[in-house]
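Here's the structure, in structure tokens; my notes come after.
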2 protein chains.
Amino acid sequence: MRTHALQEVHPQHRLNAITDGDISVPVTAISLADSLDGSPNDDVLLYRTAGPGSDPEMGLPPLRSEWIAGRGDVETYAGRAPELADDGRSAVRRGKASQSWRGESRPPLRSAEGATVTQMHYARRGEITPEMRFVALREGCSPELVRDEVAAGRAIIPANVNHPESEPMIIGRAFLTKINANIGNSAVTSSIAEEVEKLTWATRWGADTVMDLSTGDDIHTTREWILRNSPVPIGTVPIYQALEKVDGDAAALTWEVFRDTVIEQCEQGVDYMTIHAGVRLAFVPMTANRVTGIVSRGGSIMAGWCLAHHEESFLYTHFDELCEIFARYDVAFSLGDGLRPGSIADANDEAQLAELKTLGELTQRAWAHDVQVMVEGPGHVPLHLVKENVDLEQDWCHGAPFYTLGPLVTDIAPGYDHITSAIGAATIAQHGTAMLCYVTPKEHLGLPNRDDVKTGVITYKIAAHAADLAKGHPGARVRDDALSKARFEFRWHDQFALSLDPETAMAFHDETLPAEPAKTAHFCSMCGPKFCSMRISQDIRDAFGSAQEQRDAIEAGLAAKSRQFVELGSSVYVSDEIAEVAR
Amino acid sequence: MRTHALQEVHPQHRLNAITDGDISVPVTAISLADSLDGSPNDDVLLYRTAGPGSDPEMGLPPLRSEWIAGRGDVETYAGRAPELADDGRSAVRRGKASQSWRGESRPPLRSAEGATVTQMHYARRGEITPEMRFVALREGCSPELVRDEVAAGRAIIPANVNHPESEPMIIGRAFLTKINANIGNSAVTSSIAEEVEKLTWATRWGADTVMDLSTGDDIHTTREWILRNSPVPIGTVPIYQALEKVDGDAAALTWEVFRDTVIEQCEQGVDYMTIHAGVRLAFVPMTANRVTGIVSRGGSIMAGWCLAHHEESFLYTHFDELCEIFARYDVAFSLGDGLRPGSIADANDEAQLAELKTLGELTQRAWAHDVQVMVEGPGHVPLHLVKENVDLEQDWCHGAPFYTLGPLVTDIAPGYDHITSAIGAATIAQHGTAMLCYVTPKEHLGLPNRDDVKTGVITYKIAAHAADLAKGHPGARVRDDALSKARFEFRWHDQFALSLDPETAMAFHDETLPAEPAKTAHFCSMCGPKFCSMRISQDIRDAFGSAQEQRDAIEAGLAAKSRQFVELGSSVYVSDEIAEVAR
């Protein structure tokens, strides 16, 4: 199979691997220049979500196929017969889907009769799977920790047996904070190729999982292309596709249509699915006096269905059947927060908390089937109420990983909601949220384009990393320290290479001081060569040696040292070229 | 005097005023459309920092002159004789400053012999000044609260008697969180007119104070133009100008040169000055083993001076003389954190905390002279160590207002440090920091341009407002609630008008759905007309009335209501035009 090399984000980055026996985990290695004193600087190895790169028409190699087959607990089967309606109403009109998948097609797998093939099932039996070993290498922890956290339900490894291309990753508070990027087609503007490109783009900048929220045409075929090319787990909201199958009429939805859609997606390889089973009939009236009602699309579909039929949600009443299906493929639940607050005014209200309690009950029901679960959270929450969300979730949902959308800490900044939500996201992750769903600058206003996807991913890498630093995650500070050391030593190229977004950092630098010599100069573009506090600090260090030597010098009143600095100082300040502002 | 109308940020914004007797405070009034049910929506009144607008060549009217004169405790005097060196080395070479100030020049004021003219002095005597009444109207609190907080040193009103153009504002944890924007000339790229334009631009987007950090040519004259046009307090770091006067040789600085520079700036009307008097000789060695040494420019100047002379800092030894000077003009101290950490690795270390303790001692020395004080803080701090900074500052500095630069919660995102720092800024403000110094996307990389200044200000308005919501500041939620209500009712123009950045919000909306009808349509650009969760919520409310009515309906199993919703639902879902993605 051909694979195209993925474009690295900086010339000093290269694809490398860390191995443990037969397990090999791709990492990004960043090579660094020597320090001024000639001492070398070790490569910095980064967690890599972009995979090895693929030819979109061929897809990725099935990394996990042997591991799955090796367990001897799956069977291939004919699978559900495809229908034109799987690709939406215009496929029905046209009589065919467009751009059908041309790469390898494998028959679907499911558990052999009576077997359960979830990572939670293996973990609870005490087994350490190759997936767990892969995850442990990625996270720099023991495989036993991975197994124990998965067994306890405090972490999940989304890993559908029909998505063998995915590199195993873990979502749980004991591990690195993860981020999700949403993509999905638009009937107006987007082609299948564009969706694959968005997937690759999002993982290149660091998305740990991707949700395909397509609702337009060719929804089945688009998902096929995405899954076959995705090195990260793929999530969906199957009610969106189900709604398409009933011509957009929520009241016409049935358990049977929904179940059929779920099985269709299980067979394709979707790793986790958002299921809004907590939107119960009795909770819907609790939203009537909200400032912003129900803002979740899945939540409002189910609320509309419950009211139209005056019945309990079919997702709730059929939940155990869903668990049985998920257990056969190892699909994880992402229990949707259909009643999440859509404004500061509605945060932590009766409707939201009633649903959260129900999600805790559903978590236990899923765990009874050894099905992995994470729980979704808000939304819009003022900063002082953020921690309560994760505390209640951890308590009521028995430690299941929390997966939140921001939250946005104010409503007044449309156009900047990546920032309003990054503040809430960093805070909620600091307190134990395991995965953050990104928000782009277009939130509330329009469809994210390529730049918005990148901005959303980078912003959420910041929030997640800030939380990892705050949680004292082992190794999290390596990159900060390497970058700050490079900054202090004026190794500009290393500073760019260690940045989350090297291109932007270099472009901003070059706006002020574009010439190549400025990237090796011992000053920066804010203060210019005339005056530089960092250089003075270095001169202090050079002139006075270690802290103890400096203390000794001060105590001894060493006039000679002072004179030495005066001489040095003269050379520091004589250049007179650019004078700039900096506090 | 001619004044030019300031361009408002949105057509629905207009300059208005709230008055109390003879005190009139400018506010921005946002007019809103009626709700769908015909009920009107009140104007939203916003705190306004932009002033009434000025002709740059004429300056603003001296709003406070009568109040100052009315107290009968100031005298005019000849003032310090201007020198060419005040405008830097190239003015000395040329023999003149460029673009001298052409508007009105008033002789400088200072306290009459034996008098103290600080707001703290008046407050401690139990007086409520017009400045305090103005502030109380702006903040929506009682004048007594303002007086008591100023008297206790927990808040400051920076208000040099020589800057009568400034509209009084207050910095303290009991009040709205404020933000500062840094501007300042660059010998390479910036003219005086450009600096005035940057000032106006920064206040238009909401900067509460502006620091002029000029170090280039025409430093005195640039400051004159800025002060005469500034409706907000102006801060400076006088050591920058003093360094220019000694040809950039830190070792050549003397107390006399520094004092002369401070008096020059007091006479011009600078409202607060950053003084790095906490960088004591004994603390300098504590920085030698840091990852990033000393990153404050003022801090490194003073560290260099201390070491070169092997003497205690002249700022520390002459601090009481500085207090005597400041008391004659009502200049506030901004006690500089010259040893702030420049990286995550250096956060909350020995050097930083030793300086902070000293700032607490200096605070009490300033208060003994009735001089107002705020204390500067970091910098780079991981999220879990942020709160400790404000807790220690409040404790060691006896409740003096804290004024921090971010802090940045990670070092790995140059190009996005407005975001890394907004996370820290919102958190530290939530815990009691009174003012936040903005950070632009160019931090660490280059000089902010006009767009960067705007991005920095908007980002910091978000952080400050998020903190005000979290602190439960009375009235803070009005704007959030009005915007969310407009969003829920699809009043797009109102949503834009209520945004921090209406232009950007509208531009992002129009990228996806540009036509004017889309701004009155009852759906938005994410989901399109086919499916809209917000509309379903409204339909639920319309169909079922209040929460109690809905509960009653559910309990009664009211089939008719269900049928009604089904009929309604049909009309909701039939339109088939655009299908878009949203979680």
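Numbered from 1 within each chain, the chains take letters A, B, ... in sequence-line order.
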task: Under 4.5 Å, counting heavy-atom pairs only, tell me which of R479(A), K485(A), H380(A) racks up the most with chain B.
output: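 Option with the top pair count is R479(A).
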message: Using a 4.5 angstrom heavy-atom cutoff, name the option from A476(A), A505(A), G472(A) with the most pairs to chain B.
response: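 Top option by heavy-atom pairs under 4.5 Å: A505(A).
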task: Sort I412(A) into side chain, backbone, both or neither according to what part of it lies under 4.5 angstrom from a heavy atom of chain B.
output: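 Both parts, heavy atoms under 4.5 Å.
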statement: Under 4.5 Å to a heavy atom of chain B? For R477(A) that would be side chain
I'd like to verify something: which residue of [options] has the highest number of heavy-atom pairs under 4.5 Å with chain A?
options: P382(B), A345(B), A463(B), A425(B); result: A345(B)
options: D411(B), L385(B), D481(B); result: D411(B)
options: V386(B), V409(B), D452(B); result: V409(B)
options: A467(B), A507(B), S499(B); result: S499(B)

Do [X] and [Y] come within less than 4.5 Å of each other through their side chains, counting heavy atoms only?
X: E511(B); Y: N449(A); result: yes
X: P414(A); Y: T504(B); result: no
X: L445(B); Y: F496(A); result: yes
X: I462(A); Y: I423(B); result: yes
X: V291(A); Y: F488(B); result: no
X: D346(B); Y: S484(A); result: no

- prompt: Who are the side chain to side chain donor-acceptor pair (under 3.5 Å) partners of T410(B), not counting sequence neighbours?
  reply: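 Here the qualifying residues are D480(A).
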query: Where does P502(B) contact chain A at under 4.5 Å (heavy atoms): side chain, backbone, both or neither?
result: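 Neither the backbone nor the side chain of P502(B) comes within 4.5 Å of chain A.
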message: Can you give me the closest heavy-atom contact between H384(B) and Q430(A), atom names plus distance?
response: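 Minimum heavy-atom separation between H384(B) and Q430(A): CA-NE2, 3.7 Å.
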- prompt: Can you name the one residue among L500(A), I419(A), I458(A) that meets side chain to side chain contact (heavy atoms under 4.5 Å, CB included) with Y416(B)?
  reply: I458(A)
